[in-house]
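Below is one structure, written out as C-alpha cells; the observations come after it.
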Amino acid sequence: MLEHLGSFKRTHYCGEVTGKDIGDRVRVAGWVDSTRDHGGVVFVDLRDRSGKVQVVFSPEISEELVEKAKRLRDEYVIAVEGEVRRRPPGTENPKLKTGQIEIYAEKLQILNKSLPLPFPIEDDVKVGEETRLKFRFLDLRRKRMAENIIFRHRLYQVTRRVFNEEGFIEIETPYLTKSTPEGARDFLVPSRIYPGKFYALPQSPQLFKQILMVSGFDRYYQIARCFRDEDLRADRQPEFTQIDFEMSFVSERDVMDVAEKVIRTLYKELLGIEVGEIPVMTYDEAIKRFGTDRPDTRFGLELREITDVAETCSFKVFRTVVENGGIVKAINFKGGAKLSRKEIDDLTKFVGIYGAKGLAWIKVTANGLQSPIVKFFTEGEMNEILKRLEAEVGDILFFVADKPDVVNASLSNLRIKLGRMAGLIDDSKVNLLWVVDFPMFEWNEEENRWEALHHPFTSPKEEDVEKLLEDPASVRARAYDMVLNGVEIGGGSIRIHREDIQEKVFKVIGLSDEEAKERFGFLLEALKFGAPPHGGMAFGLDRLCAIMRGEESIRDVIAFPKTQKGQCLLTGAPDTVRPEQLEELHISVKLEEEE
RNA sequence: GGGGACGUAGUUCAGUUCUGGUUAGAACGCCGGCCUGUCACGCCGGAGGUCGCGGGUUCGAGUCCCGUCGUCCCCGCCA
C-alpha cells in the first residue's frame with residue numbers, strides 16, 4: 001500500500017502556494033491535517049511547516065484517485081501533484097493563507113501511514129503536559145509549538161548577527177570540565193580513563209570566557225548550554241541556554257550598551273517593537289520600593305517602610321520585630337477596602353508561603369478606619385502611616401513585620417498578586433530595567449559564612465576594595481542585571497582581573513588558599529600573566545524567548561524539555577545502564593536502604 | 001526536603017466530599033456505512049474503561065481511610 005518517493009520533487013511548501021500559481025502544476029508533500037469525504041469529492045488539508053493547503057480529489061479527474069484518497073487518515077504522509085485552481089466563488093476560506101486556491105490532485109503517493117493520534121494536532125492545547133511530552137514529536141507539529149521553535153531559531157540568528165557586527169568572536173568552550181565549589185550542584189560525568197575522577201558539566205562558561213580575555217580575544221560570545229543540578233520550575237530546566245559574552249578594556253556601560261543593542265534588535269526585528277530608553281535602578285532602591293531585585297515596573301503598588309513608626313507604637317507584634325532587628329513595610333492596595341474577610345485570609349495564607357507569620361491590614365472607609373490593629377496606634381502614628389501610604393477612602397493597607405528578607409519576599413510577591421487581581425499589569429508592555437550596585441556578599445546563615453551574591457569573580461567597586469576584609473557587608477559589586485517585566489533575563493559584571501583582589505574575595509567567602517588553588521588554580525594562574533580588565537554578561541535565552549512569545553513556561557520554547565522531576569518522558573532518561581558500563585567507569589551503585 | 005492542585009475511554013471532562021448501592025456517562029477522536037463544495041462538513045450505526053497503583057474499612061468502594069507513583073504550581077534550593 002505504501003509507495004516510495006521515487007522521482008518526486010517538491011515544488012512548493014504547502015503554505016506558499018498562492019494565487020500567482022493558478023494554472024500551474026505543483027508538487028507538494030506533507031501530513032494529512034484533515035480529510036472531508038463527501039462521497040463524490042474528497043477534500044484533504046495538507047500541512048507542512050509552512051502551513052496548510054486544500055487538496056481536492058475529484059471524480060472529474062479520476063475516480064480511481066478519489067477511491068485512493070478515501071483511504072487517507074489524519075497524519076498520513078503523502079505527496080501530491082496537481083493543478084492550482086482558483087476556488088469556486090463562495091467557497092474561499094479566509095481563515096487559511098492559501099484559502100483562495102486549491103490543488104486539483106492528479107497524482108497521489110501515500111508515503112507513510114500514521115496510527116490514530118493520542119491527541120489532536122490543534123492550536124488550542126487541551127492536552128495534559130505528560131502526554132504532550134511523551135509524544136513530543138506530535139506536540140511539535142502543533143502550529144504554536146512549531147512557531148515557538150522557529151522563532152527561537154530566528155532569535156539565535158539575529159543574536160549572532162548583532163555580535164558579529166560588533167566585532168565579537170564566537171568560541172566554543174568545553175562541556176566536560178572541572179567541578180568548582182560555590183554555586184549550583186554540578187552534574188558529574190565519570191572518567192573511564194581516570195578511575196574515581198569526574199568531569200563536571202559547566203554551570204556556565206564563566207571561567208573559560210575570562211581566560212579567553214587573558215588570551216586576548218577581546219570580544220567573545222557563545223550561545224552556550226549550561227547545566228545545573230537543582231530543582232526545576234516553570235522557568236528553570238536542568239540544562240538551559242545562555243547568550244554569553246565577554247569584553248576586555250570596558251566599563252559597566254560598555255557591556256550594557258552591547259546588551260541593549262542585542263535586546264533592541266531582537267525586539268525590533270522579531271516583534272516589531274521599539275524598545276525605549278532603559279532606566280537604571282540601584283539594588284537598594286529596588287529592594288526599598290519593590291522588595292525585590294527584579295521589580296516589575298509595569299504597575300505601582302510600591303512598598304513603603306514604616307519601621308520607625310512601628311518602633312514606637314504599642315502594637316507588640318510590630319515593636320518586638322523591630323526590637324529584634326526586623327522591619328515593617330506596607331503596601332496600599334488602592335480600592336481594596338471591599339475585600340472580604342475570606343479574601344484577606346487567603347492573602348494571609350499567601351504571604352505565609354514566604355515565611356510571613358501574619359498580614360496586618362487597615363481598611364480606609366468613609367466611616368473611618370476598620371482594622372484589628374488600629375487601636376494600638378496613636379492618632380499621630382496612624383496619621384503618619386496614612387500619609388506615608390497615601391491612603392484614601394476605599395483603600396486597604398497591608399503590613400508585614402519580620403526579618404527584612406521575609407518582609408520583602410512576602411510583600412513583593414503580594415504586590416504581584418494584587419496587581420494581577422486588580423488587572424493592573426498590562427501584558428503588552430515591555431518594561432526593561434537595569435538593576436545595578438548589588439552588594440558583593442550575602443551572609444549564609446546555614447554555613448555561617450559570607451557568600452558571593454553574583455559569583456566570586458565579580459569585581460568590587462573600586463572605592464570599596466579597601467573595605468573588603470573588614471566590612472564585607474558594605475562592599476558593592478560592579479554587577480548589573482537586566483530585568484524584563486519582573487523577570488531577570490540577564491546579568492553580568494566587571495570581573496576581577498588582579499590576583500591580589502581575587503585572593504581577598506576568596507578569603508572573605510572562606511575559601512582557603514589551598515582550596516582556591518585546587519579548584520580555581522587555572523584561573524588564578526591566568527590572572528598572573530597579563531589579564532586585561534574585562535567584564536561581560538549572559539542572557540537566559542530560554543526565558544527571553546518565552547517572554548517574547550508570551551509563553552508561561554520555558555518548556556514551551558525548548559524542543560525536548562524535562563519534567564519537574566528531571567525526566568525526559570520521550571526517551572525515558574535518566575535510566576539504568578548495563579553493569580559493564582558501570583564496570584568500565586569504575587562505579588558501583590549504592591542504593592539507599594528501604595525503610 | 002516541604003506545601004498545594006490534579007490523576008475516570010485515545011483526548012478533554014462529568015460522576016467522587018457533605019450523602020458508598022444494580023449495567024461508570026458526555027463531547028471530540030477512532031471503526032463501518034451513506035453523502036460532489038467542505039474546511040469544527042453532515043447523517044446513520046458501532047467499538048472502546050485495571051476509575052494511576054497497592055492495601056484497608058464495608059454485605060458492597062470510582063466514591064471513605066492509609067500508603068505509593070506520576071504531572072503541574074510554589075517554598076527551600078538555583079553565585
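Here is the naming used below: chain letters follow the sequence lines, and residue numbers restart at 1 for every chain.
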Which value, in whole Å, describes the distance between the [atom1] atoms of nucleotides [N] and [M]?
{"N": "B/rC44", "M": "B/rA5", "atom1": "P", "result": "43 Å"}
{"N": "B/rA40", "M": "B/rG76", "atom1": "C1'", "result": "47 Å"}
{"N": "B/rA47", "M": "B/rC30", "atom1": "C1'", "result": "9 Å"}
{"N": "B/rU23", "M": "B/rG42", "atom1": "P", "result": "35 Å"}
{"N": "B/rA61", "M": "B/rG55", "atom1": "P", "result": "13 Å"}
{"N": "B/rA9", "M": "B/rC51", "atom1": "C1'", "result": "10 Å"}

Please determine if a side-chain N or O atom of [X] lies less than 4.0 Å away from the OP1 or OP2 oxygen of [N].
{"X": "A/Gln564", "N": "B/rC73", "answer": "yes"}
{"X": "A/Arg236", "N": "B/rG76", "answer": "no"}
{"X": "A/Ser58", "N": "B/rU36", "answer": "no"}
{"X": "A/Lys126", "N": "B/rC13", "answer": "no"}
{"X": "A/Lys134", "N": "B/rU71", "answer": "no"}
{"X": "A/Gln237", "N": "B/rC78", "answer": "no"}
{"X": "A/Arg73", "N": "B/rC31", "answer": "yes"}

Rounded to whole Å, how long is the line connecting atom [atom1] of [X] with atom [atom2] of [N]?
{"X": "A/Asp235", "N": "B/rC73", "atom1": "CG", "atom2": "C1'", "result": "12 Å"}
{"X": "A/Arg36", "N": "B/rC35", "atom1": "CZ", "atom2": "C1'", "result": "15 Å"}
{"X": "A/Glu122", "N": "B/rA27", "atom1": "CD", "atom2": "C1'", "result": "13 Å"}
{"X": "A/Leu46", "N": "B/rC39", "atom1": "CG", "atom2": "C1'", "result": "14 Å"}
{"X": "A/Ile121", "N": "B/rU11", "atom1": "CD1", "atom2": "C1'", "result": "12 Å"}
{"X": "A/Leu117", "N": "B/rC30", "atom1": "CG", "atom2": "C1'", "result": "10 Å"}
{"X": "A/Ile554", "N": "B/rC78", "atom1": "CD1", "atom2": "C1'", "result": "12 Å"}

Does the pair A/Arg141/A/Glu75 count as a salt bridge with the N-to-O cut at 4.0 Å?
yes
Does the pair A/Arg543/A/Glu488 count as a salt bridge with the N-to-O cut at 4.0 Å?
no
Any idea which of B/rA40, B/rC77, B/rC72 is nearest the A/Lys95 side chain?
B/rA40
Nearest to side-chain heavy atoms of A/Glu60, which nucleotide of B/rU11, B/rC39, B/rU36
B/rU36
Assess the side chains of [X] and [Y]: does a donor N or O sit below 3.5 Å from an acceptor N or O?
{"X": "A/Asp481", "Y": "A/Tyr283", "value": "no"}
{"X": "A/Glu106", "Y": "A/Tyr104", "value": "no"}
{"X": "A/Ser204", "Y": "A/Gln242", "value": "no"}

Donor-acceptor pair (no angle test) under 3.5 Å: [X] side chain, [N] base:
{"X": "A/Glu102", "N": "B/rG37", "value": "yes"}
{"X": "A/Arg228", "N": "B/rC77", "value": "no"}
{"X": "A/Asp74", "N": "B/rG29", "value": "no"}
{"X": "A/Asp37", "N": "B/rC41", "value": "no"}

For [N], which nucleotide in any strand shown is its Watson-Crick or wobble partner with both distances under 3.5 Å?
{"N": "B/rC6", "result": "B/rG70"}
{"N": "B/rA61", "result": "none"}
{"N": "B/rG76", "result": "none"}
{"N": "B/rC51", "result": "none"}
{"N": "B/rU12", "result": "B/rA26"}

How would you label the contact of [X] with the nucleic acid (heavy atoms, under 4.0 Å): base, sugar-phosphate, or nothing?
{"X": "A/Pro118", "answer": "sugar-phosphate"}
{"X": "A/Lys565", "answer": "sugar-phosphate"}
{"X": "A/Ser204", "answer": "base"}
{"X": "A/Gly183", "answer": "sugar-phosphate"}

Calculate, to the nearest 0.5 Å, the distance between atoms CG and NZ belonging to A/Asp402 and A/Lys357 respectively.
3.5 Å
When A/His534 is tested against each of A/Lys209, A/Arg495, A/Gln210 for side chain to side chain donor-acceptor pair (under 3.5 Å), which residue passes?
A/Gln210
5′-ward residue of the pair A/Val41/A/Phe457 relative to RNA chain B:
A/Val41
Nearest-nucleotide 5' precedence on RNA chain B, A/Tyr354 against A/Glu129
A/Glu129
Stacking of A/Phe119 on B/rU11 base (centres under 5.5 Å, planes under 30°)
no
With the six-membered base ring of B/rU38 as reference, does the ring of A/His38 sit under 5.5 Å away with planes under 30° apart?
no
Decide whether a cation-pi geometry holds between A/Lys178 and A/Tyr199; the criteria are a distance under 6.0 Å from NZ or CZ to the six-membered ring centre and an angle within 45° of the ring axis.
no
